[in-house]
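First the structure, in the form of structure tokens, and then the observations on it.
Position 1 is the first residue of the sequence; numbering continues from there.
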Amino acid sequence: MNKSKKILMSVLLTASLAIPTAGASAATQNTDNGAEKFRVYVESNNLYQKDMLMKQYDARWELTENGFSTDMTQQQFEALQKNKNLKLTKVQEVTLDTDVRATQSQVQAAEYPTHQTPWGIKAIYNNSSQTTTSGGAGINIAVLDTGVYTAHYDLENTVEQCKDFTQATSLVNGACNDAHGHGTHVAGSALADGGDDQAGIYGVAPQADLWAYKVLGDNGSGYSDDIAAAIRHAADQATSTGTKTVINMSLGSAGNDSLISSAVTYAYNKGVLVVAAAGNEGPNQGSIGYPGALVNAVAVAALENVQQNGTYRVADFSSRGYASTDGDFVIQQGDVEISAPGAAIYSTWNNGGYNTLNGTSMATPHAAGLAAKLWASNPSWSNTTLRANLQNRAKTYDIKGGYGATTGDDYASGFGFARVK
């Protein structure tokens, strides 16, 4: 099967998808008799009361045993806050992502990929002559992003689930359209399989199964309750199917959203490995974004295709942890854990072609693909054993180049570059 020629824009992402901190004004969703509605999270320790409120306000997601999200008017919101008889533990606006910072570069044409194994794939395989990739069979990689163009020639054979968490009717099965492109690019680095004729591009783990979860809109914005719901859904799906699952979140913000952080803990306790972008706010210390900054998520820093002192260099844009924790080899909140290729990354695009992007968003699927490949070869491992193995692999290829990167565990590169061999 031949691929038709595609014309595509090369986009240079200079920041991860951002979710503003709680307190940011949530955009209106719809109207009720002329009154604008916005997204709200409600929590009650009285489960009967919670169930009654869920029916009354037409709940969108039941996110915890005690809480749910919904759309309501300002009048309804204020009335709930003031109602002392209900004894609600939380009534708060749901966080909204509002910005994907990007700049447009040159137009380029693509028919077949200009190279099947981009530099990041060769680097993570530790083989400059790598022509194809393999591994990941039986492992799910849940890509929580702007959706995925699942008809892409190099992705269509990998798709097992395609779900949209952003629509008014909550979860829509069989839909995960990516009009943005970011999610398709991320998926390709993780598990593109070269297509039926093996003439396409390859990701790290092409035999893994893609769970394409659209949690961000076509403009790159989305609500934290939708993201949290998708995290929990992936964990529940992994449990119900008895399969190993890696969640890839190439998104983040400076603020720690409670809905997302609790969902990450839920998934991690269910045996899922959560891999997230460190963020693109470097080279300043203390700039790791959430959910990557969470202890139960693997934060991935970005490497560029420049070697210094015999190792790849940490990109200046890649977010940093704190120098005060250098050398302790302990993952604390706000730490980088491992590094992976994230600069000038060539991958699949949402028009059926290919594109080159920069960011820790691009580093994350390299790490997620590696995790899936290793897990497939060691199915008896728990998510914690897999995580320890990634850390040990990173230690054997420590990063010494780049601003703030030194020998041993450091605030720029974490434990180092985890590789196949």
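When only modelled atom types and interatomic distance are considered, R60 and Y41 share no side-chain donor-acceptor pair under 3.5 Å. Remark: the S287 side chain and the N284 side chain contain no N/O donor-acceptor pair separated by less than 3.5 Å. A donor-acceptor contact closer than 3.5 angstrom is absent between the side chains of T158 and D193. With hydrogens and angles left out, the side-chain atoms of S361 and H182 include a donor and acceptor closer than 3.5 Å. Using modelled atom types, one finds no donor on one side chain facing an acceptor on the other under 3.5 Å when comparing T348 with D154. A donor atom on one side chain and an acceptor atom on the other are not found under 3.5 Å apart for N296 and Y266. For the residue pair W61 / D226, a side-chain donor-acceptor distance below 3.5 Å is found, with atom types taken as modelled. In this model, a donor atom of one side chain and an acceptor atom of the other lie less than 3.5 Å apart for Q161 and Q237. Donor-acceptor pairing under 3.5 Å is recorded for the side chains of N140 and T245. A donor-acceptor contact closer than 3.5 angstrom is absent between the side chains of T64 and N66. Using a 3.5 Å distance cut-off with no hydrogens or angles, the side chains of T265 and S262 do not pair a donor with an acceptor. Checked by atom type, the side-chain pair N383/T385 shows no donor-acceptor distance below 3.5 Å. Side-chain atoms of T89 and E43 form a donor-acceptor pair, as typed in the model, at a separation below 3.5 Å. For the residue pair Q167 / D164, a side-chain donor-acceptor distance below 3.5 Å is found, with atom types taken as modelled.
Separating the CZ atom in R393 from the CG atom in L390 is a distance of 7.5 Å, to the nearest 0.5 Å. Distance check, rounded to the nearest 0.5 Å: CD1 of I227 to CG of L216 gives 5.0 Å. Taking CG of D209 as the start and CG of N157 as the end, the distance is 11.0 Å to the nearest 0.5 Å. Separation of atoms CD (Q74) and CD (E93) is listed at 7.0 Å; rounding is to 0.5 Å.
No salt bridge links D409 with K395; every basic N to acidic carboxylate O contact stays at or beyond 4.0 Å. For R387 and E337, the salt-bridge test passes: some basic side-chain N is under 4.0 Å from an acidic carboxylate O. With salt bridges taken as basic N to acidic carboxylate O contacts below 4.0 Å, one links E62 and K50.
Of the listed residues (T70, L63, T95, V40), just one forms a side chain to side chain contact (heavy atoms under 4.5 Å, CB included) with D225, and that residue is L63. The one candidate from Y346, W349, Y149, Y153 that meets the ring-ring contact (aromatic ring centres under 6.0 Å, His included) condition with Y354 is Y346. Just one residue in the list I260, D145, V186, V215 forms a side chain to side chain contact (heavy atoms under 4.5 Å, CB included) with L251, and that residue is V215.
Checking side-chain atoms of S319 against main-chain N and O of E281 turns up a donor-acceptor pair under 3.5 Å. Between the N350 side chain and the D178 main chain, a donor and an acceptor come within less than 3.5 Å of each other.
Counting only residues at least two apart or in different chains, side-chain hydrogen bond (donor to acceptor under 3.5 Å, both in side chains) contacts with residues 198-208 are absent. Screening residues 230-262 for ring-ring contact (aromatic ring centres under 6.0 Å, His included) gives F165-H233, Y213-H233 as the qualifying pairs, with residues at least two apart or on separate chains.
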*For F415 and F329, what are the C-alpha separation, side-chain angles and deciding distance, and is it a ring pair (Phe, Tyr, Trp, His ring centres under 6.0 Å)?*
CA-CA 7 Å; F415 289 14; F329 289 99; 5.3 Å; yes
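Heavy atoms from other residues, nucleotides or ligands lying under 6.0 Å from OH of Y57 number more than 12.
With sequence neighbours excluded, the residues forming a ring-ring contact (aromatic ring centres under 6.0 Å, His included) with Y397 are F417, listed by chain and number.
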